[in-house]
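Take a look at the structure below.
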There are 2 protein chains.
Amino acid sequence: MAQFAKVMGHPVRLYILQKLVKKNACCYSGNLINEISISRSTLSQHLKELKYSGLIEGEIEGPYIKYCLNKENWAKVKMLFEKVFDIYENYIED
Amino acid sequence: MAQFAKVMGHPVRLYILQKLVKKNACCYSGNLINEISISRSTLSQHLKELKYSGLIEGEIEGPYIKYCLNKENWAKVKMLFEKVFDIYENYIED
DNA sequence: TCATTATTTCGCAAAATTACGAAATAATAT
DNA sequence: ATATTATTTCGTAATTTTGCGAAATAATGA
């Protein structure tokens with residue numbers, strides 16, 4: 001869980017994740033580069049890290065690479081965080 | 001949110017947070033040092049960072065310092081994360 | 001084949017994080 | 001006052017992260 005939190009702990013990576021969380025959302029490096037002021041190589045590194053962590057996956061689509069959420073792993077992360085937050089919630093309610 | 005995720009992105013800090021999430025839980029540096037194999041100064045730094053981020057607060061209690069969750073901020077973080085996870089959940093359910 | 005477009009890897013520098021031991025602080029007890 | 005206990009700050013070293021530009025790769029189109 002700390003690993004996942006760490007990956008989410010960078011504004012660029014969190015931005016990308018938040019985009020991809022939406023239904024069937026996907027993004028492209030060349031697309032993101034217009035929204036974020038960062039060099040292409042740096043963006044590429046962040047995408048690589050997100051991919052390596054298992055939170056997203058990339059698929060070649062013509063000359064582009066289409067990135068989207070890895071739904072299975074995202075569900076896992078969601079559960080890990082919710083477990084921690086729910087412990088708190090269960091205790092606070094009395 | 002990235003800031004909070006970053007703070008949670010270290011195993012020692014996450015460990016401490018998970019302890020404190022339980023009802024009225026608190027901890028002491030000298031207490032934690034027996035559970036985590038890390039030097040006192042390093043532990044102190046992590047506590048400082050947690051405090052600086054607003055996730056925990058410390059209170060002097062005799063010769064000890066009692067740390068506990070900052071409930072207000074924890075609730076904020078919980079909401080921030082839940083919002084992101086809920087977006088996903090709302091979309092996936094159809 | 002050669003040029004073009006999209007994107008990544010490489011090499012490297014700057015900055016931030018992590019970790020430690022020694023010294024400092026702060027409260028209590030003798 | 002002095003010693004003891006709990007904990008933090010300071011100085012510093014090692015490691016990791018972040019970021020960039022240049023070169024490399026890979027697919028498409030002329």
Side-chain angles (χ1 to χ4, degrees), chain A residues 1-20 24-70 73 77 81, chain B residues 1-20 24-70 73 77 81:
Chain A
M1 180 171 169
Q3 279 295 334
F4 286 125
K6 194 174 175 182
V7 173
M8 295 172 83
H10 188 285
V12 166
R13 293 192 296 261
L14 189 62
Y15 176 85
I16 295 167
L17 284 173
Q18 285 180 319
K19 286 209 109 187
L20 296 183
N24 295 328
C26 60
C27 65
Y28 302 87
S29 179
N31 182 336
L32 291 166
I33 204 66
N34 297 316
E35 304 168 24
I36 310 168
S37 48
I38 198 177
S39 80
R40 289 173 197 280
S41 53
T42 304
L43 174 59
S44 188
Q45 262 187 221
H46 284 302
L47 288 166
K48 191 179 169 186
E49 259 182 280
L50 283 165
K51 204 162 66 179
Y52 181 74
S53 77
L55 289 177
I56 71 169
E57 44 199 15
E59 190 190 335
I60 294 165
E61 196 183 65
Y64 306 91
I65 297 179
K66 177 174 148 182
Y67 287 102
C68 57
L69 214 61
N70 180 318
N73 286 332
V77 175
F81 275 91
Chain B
M1 179 170 170
Q3 278 295 334
F4 287 124
K6 193 174 177 181
V7 173
M8 295 171 84
H10 188 285
V12 166
R13 294 193 297 260
L14 190 61
Y15 176 86
I16 295 167
L17 284 173
Q18 285 179 319
K19 287 210 107 186
L20 296 184
N24 295 326
C26 61
C27 66
Y28 302 86
S29 178
N31 184 336
L32 291 165
I33 203 69
N34 297 315
E35 305 167 25
I36 310 169
S37 49
I38 198 177
S39 81
R40 288 171 198 282
S41 53
T42 304
L43 173 59
S44 188
Q45 261 187 220
H46 284 301
L47 287 166
K48 191 179 168 185
E49 258 182 281
L50 283 166
K51 205 163 64 179
Y52 181 73
S53 77
L55 288 178
I56 71 169
E57 45 200 13
E59 190 190 335
I60 294 165
E61 196 183 64
Y64 306 90
I65 296 178
K66 178 174 149 183
Y67 287 103
C68 57
L69 214 61
N70 180 319
N73 286 332
V77 175
F81 275 90

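Every chain is numbered from 1 and lettered A, B, ... according to where its sequence line falls, protein lines coming before strand lines. No experiment lies behind these values; they were computed from the predicted model shown.
Within 6.0 Å of the CD atom in A/Glu61, the count of heavy atoms belonging to other residues, nucleotides or ligands exceeds 12.
Using a 4.0 Å heavy-atom cutoff across all strands shown, B/Lys6 reaches sugar-phosphate atoms only and no base atom. Heavy atoms of B/Thr42 sit under 4.0 angstrom from at least one base atom. Across all strands shown, A/Leu43 has no heavy atoms under 4.0 Å from either base or sugar-phosphate atoms. Within 4.0 Å of A/Glu49, counting heavy atoms only, lie sugar-phosphate atoms of the nucleic acid but no base atom.
Between B/Tyr28 and B/Tyr64, the ring planes are perpendicular. Angles over 60° get that label, and only those under 30° would be called parallel.
In terms of phosphate contacts, A/Arg40 brings no side-chain nitrogen or oxygen within less than 4.0 Å of OP1 or OP2 of C/dT9. Within the structure, every side-chain polar atom (N or O) of B/His10 is placed at least 4.0 Å from both OP1 and OP2 of D/dT17. Dashed line: the shortest gap from a side-chain N or O of B/His46 to OP1 or OP2 of C/dT17 is not under 4.0 Å. Taking side-chain N and O atoms only, B/Ser41 has no distance below 4.0 Å to OP1 or OP2 of D/dC10.
Comparing B/Tyr67 and A/Ser37 against DNA chain D, the residue whose closest nucleotide sits nearer the 5' end is B/Tyr67. Closest-nucleotide positions on DNA chain C for A/Asn31 and B/Ser39 were compared, and the one nearer the 5' end corresponds to A/Asn31.
Put simply, CD1 on B/Ile38 is 14 Å from C1' on D/dT7, counting in whole angstrom units. Straight-line distance from the CZ atom of B/Arg13 to the P atom of C/dA16: 15 Å, rounded to whole Å. D/dG19 atom P lies 11 Å from atom CD1 of A/Ile33, rounded to whole Å. Rounded to an integer number of Å, the gap from A/Gln45 CD to C/dC12 P is 15 Å. Distance CD1 (A/Ile65) to P (C/dT9): 8 Å, rounded to an integer number of Å. Rounded to an integer number of Å, the gap from B/Leu50 CG to C/dT17 C1' is 14 Å. The distance between atom CD1 of A/Ile36 and atom C1' of D/dC20, rounded to the nearest whole Å, is 16 Å. Per the geometry, CD belonging to B/Glu61 stands 15 Å off C1' belonging to D/dT5, to the nearest Å.
Checking D/dT7, C/dT7, C/dA6 against the side-chain heavy atoms of A/Tyr28 singles out C/dT7 as nearest. In this structure, the nucleotide among C/dT7, D/dG19, C/dT18 sitting nearest to the side chain of A/Tyr64 is C/dT7. If you check D/dT28, D/dT7, C/dT7 against the side chain of B/Ser29, the one that comes closest is D/dT7.
The closest side-chain heavy-atom distance from B/Tyr15 to B/Lys19 is below 4.5 Å.
Within residues 51-58 of chain B, no residue has any heavy atom under 4.0 Å from DNA chain C.
Separating the CG atom in B/Asn31 from the CD1 atom in B/Ile16 is a distance of 10.5 Å, to the nearest 0.5 Å.
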